[in-house]
Amino acid sequence: MFRYIFKKIGYLSLINKHMLQNTKPGKNNNKPISPDLEKNLEVIKGILHSSDLAVHEFNFGHDRRFKGALIFIDNLADKKEIHKNILQPLMYDALLLPMDMDFTQIDTIWKSLISMTDNVKVTLLGDLLDSLLAGAAILLIDGSKEALAIKAGKRDARSIEEPGTEAVVRGPREGFIENVNVNIALLRRKIKDTDLCVEKYVIGEKSKTDVYIVYLRSVANPKLIEEIRTRLNRIKIEAILESGYIEQFIEDSPYSVFPTVSNSEKPDKVAAKILEGRAAILVDGTPFVLVVPMVFIESFQSVEDYYARPFFASAIRIIRFLSYIISTLGPAIYVALTVFHQELIPTQLLISIAEGRERVPFPAILEAFLMLFAFDLLREAGVRLPKPVGQTVGIVGALVLGEASVQAGLISPIMVIVVSATAIASFAVPAQTDSGTILRYIYLALAGIAGGFGVIMGLLATLMHLASLRSFGTPYLWPVSPLNLSGIKDVFIRMPLWTMSKRPKAISRNSSDSCNQDPGLMPAPFKKGSNDSK
Amino acid sequence: MIPNKGSEASLIKKITSSIMIFILCFFMLFALTGCLGAREINDLEIVIGMGVDKDEDTGNILLTAQVVKKDTAGRTSGDASGGGDGKAFWNVSSTGDSIFDAVRQVTHKTGNRLFISHNQAVIFGNDIAQEGLQEYIDFFLRAHEMRPTALILVAEDRASDILDAKPETEKFPAMNIAKLVDTYGFTSHFYEVNMKDFASCLMSPTTAPLVPLVSIVQEKDCMDIYVSGMVAFKKGKMIGKLNHDEVRGLLWVLGKVKSGVLIVPSPDEQGKAVLEIVRVKSKVTPEIKDGSIVMHIKIKEESSLSEQTTAENLATDKAFEKIQEATAEVIRQEIMAAIDKSRELNADIFGFGEMLHKKYSSKWKTLKDNWDEIYPTIELDIDVETKIIKTDLLKKPVSQSEEEK
């Protein structure tokens, strides 16, 4: 059997290698641009041979003695901009300049005519094509070995809306969108500091996706940033279509059910994490921003915890912890109790459960599996379907699973309660819903095999696993294990903001004296005779 | 970036070893399961009460188990009209040479094994109690499913009759009995004894254990169960019965009176003052003086005036003093009644022997052997201190006061 596994693993790694070779950089990269315009156009058309390639050839300057061409991809570049800021200056404004100006020099045109920013001079064909495909208009001049890539890209962007996955009662309603530049701007608006650093990477041989690392230089641990750079540079892949791709290539424990990279759609949440010394990874084309390192406790913290006053926030956080326990252990404990440890159930309750189960033909473990499966099925179906149909699924699910199956004697009423409590609880901790779903089935199986003993074994195994996890060098269970007293202020309860004057020790640099506020900011009422009153 | 041959091999080695460890751990899990034994609730006969009687014909044990009828038990009384006799329980009985034998014989009738973890009470019939509980109690303490907190009771006649009497508000007779015993605190006329308490008393060489006695009273159209007192055991055998007042007398000494009603004549002799006991503290100090044993019993009692049947205003210092004196006298009488009874039975229901054992452990060895002769000669020094601490909602009785006349 092991030999078989060996073989499989060997085969997989072979495939990987093959893939890597396939995605080696293209061969056009190092060819220089020739001074002959016609030849250049021919080459470019030859490479792209696509109908949405727009080539506009024109003559300009006094006596129209200079030949130029503007190339862009039809729908990527903004034609209005091109017309107003490139063609018009070249064809009319150029006449206002001295007659002897040499327009074969790209620099001259750039400096004196083009009224657009973000221009890059390209000399290699590969770079030219990259810019072209990124939405730039390329200005080629006959007789010049250089070309000017003018960023005239337009982008259809969704407006900034409240993110569907992280709705809040109190707090900013804005969310990230698919356009990464807008997203960076959203972060910049939150942190107006010179230390805020934005590093750009382009990942994906074909997608050439912009990936940005955003962090605070004075706060983030330089080792962390270096580690992120190394891990990002490692990624050799054809396309990055969502930040999930990046997540799966940079995470610490790919075999763990627990995520070690967190994600968010909310600028205020990401900004708060950057201020703690974490680094955000923004990927173009998705509103989901990755944040590293992640600790387990983050899953139970919500932005609203910090906007609401500490009492309610702490109470809600405790509820979240409970709900995670219910969502993972609920069915398992029910099965363990009713199948193995009936003596632990209060007598009256046991009688009720026994009455409810009287007509049920299945063992409790199968009953639980059926119901959980039905719930996950409903959830999945409800997510994928268009909204009006989704409601139908909900109604059918509620009626069929809730009512009819009990009436038909397939499921006991208590099991319906257990599974629905589990289902509701599983939505209270969105960051751990994925891990919770898997763990729920594992614990349930263990409970069915060995009762409470099995559940405890499973819990211990989970705890050991959690303690062994690291996210970019930070222990996953920090600040509980290893214990950090100032960090624990924000774990089980959320202490008032004025008590949390230190940044997370395990995450930020200069850990011991890293303060985000003056200590002793506790609000105090105005006192007569105090120094301030004079 | 591209893993070289060496690191790849080590990776594969690592993965295989972790898979091996996982599989090993998984199989070890099976080796560790000590109490594997799944049983669905459907396959259980949940026993909530048990009665032990003597079969009149054969002299064997007649075990009555009160089993929950699962199809009707959970329903509310409204829709129980569906079928059957509406009873939520089934009293299934079997005979056997021993209790365990009988428990297993029951399966002939139930089809399922009895599940006795939820057993609330074990009721012994009068004949069994007279014969001695020693030989019958072993199973109930030894069986791993049985709870040591299950109540132990003695029926005035037959245990099976007690389990048959369907209560008016409760669904299950056994639960009803457990509830009756549980509410002893309102009167302190008896007290709760469970298997563990009884067994530990049984192991003491001198202390006589008491067990609540349940009786049936025939009403017009139904049978009511009530706790009529307690029975005392000596050397495992039932020797006599204590009535409500005698049990309270015992509880005064032990300091276990929780609450209860004390009735004393009002100072003007016109009516009664009814007091509710609020707090009781007691201290028993044994003393051996010149060869004779004296027990110093000091009781501090606090009560509230809960009812009065006279027009006189009792809420005065003078009246209070008189009532307090009268109360002390009532308490003293109750204690004396208990002591007289225990002397008559020659059973150390108070546990005086154990108290002496603790204080005079060296002399105890000589006392122990002829405890039966010594016990009736023990002298008592009773000191009762009572106090009325409140008069509840009224300060004066509802009557025309003399000033307004």
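First the proteins, then the strands, lettered A, B, ... as listed; each starts at 1. Atoms considered below: every heavy atom in the structure, side chains included; atoms not considered: hydrogens, waters and symmetry mates.
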Q: Side-chain contact test, heavy atoms from C-beta onward, threshold under 4.5 Å: evaluate it for Ile353(A) versus Lys70(B) and give yes or no.
A: no

Q.
Could you check whether any side-chain heavy atom of Lys69(B) comes within less than 4.5 Å of a side-chain heavy atom of Glu355(A), counting everything from C-beta outward?
A. no

Could you state the interatomic distance from [atom1] ([X]) to [atom2] ([Y]), rounded to the nearest 0.5 Å?
X         : Y         : atom1 : atom2 : answer
Arg357(A) : Leu44(B)  : CZ    : CG    : 10.5 Å
Asn42(B)  : Phe362(A) : CG    : CZ    : 12.0 Å
Glu343(A) : Ile116(B) : CD    : CD1   : 11.5 Å

(Q) Pair Gln348(A), Ile48(B) - check side chain to side chain contact (heavy atoms under 4.5 Å, CB included), show working. (A) CA-CA 10 Å; Gln348(A) 290 290 357; Ile48(B) 50 168; over 6 Å; no

Q) Strictly by modelled atom types, are Thr347(A) and Gln120(B) linked by a side-chain donor-acceptor pair under 3.5 Å? A) yes

Q: Mark yes when over 12 heavy atoms from residues, nucleotides or ligands other than Lys166(B) sit less than 6.0 Å from its NZ; otherwise mark no.
A: yes

Q. Does atom NZ of Lys223(A) have more than 12 heavy-atom neighbours, drawn from other residues, nucleotides or ligands, at distances under 6.0 Å?
A. no

Q: Indicate the atoms forming the closest heavy-atom contact of Arg39(B) with Phe340(A), along with that distance.
A: NH2-O, 3.4 Å

Q: Over all heavy atoms of both residues, which pair between Pro363(A) and Glu40(B) is shortest? Give the atoms and the distance, please.
A: CB-OE2, 3.2 Å

Q. With no hydrogens and no angle check, is any side-chain donor or acceptor of His118(B) less than 3.5 Å from a backbone partner on Gln342(A)?
A. yes

Q: Heavy atoms only, distances under 4.5 angstrom: which of Thr338(A), Ile365(A), Val360(A), Leu344(A) has the most pairs with chain B? Name it, please.
A: Thr338(A)

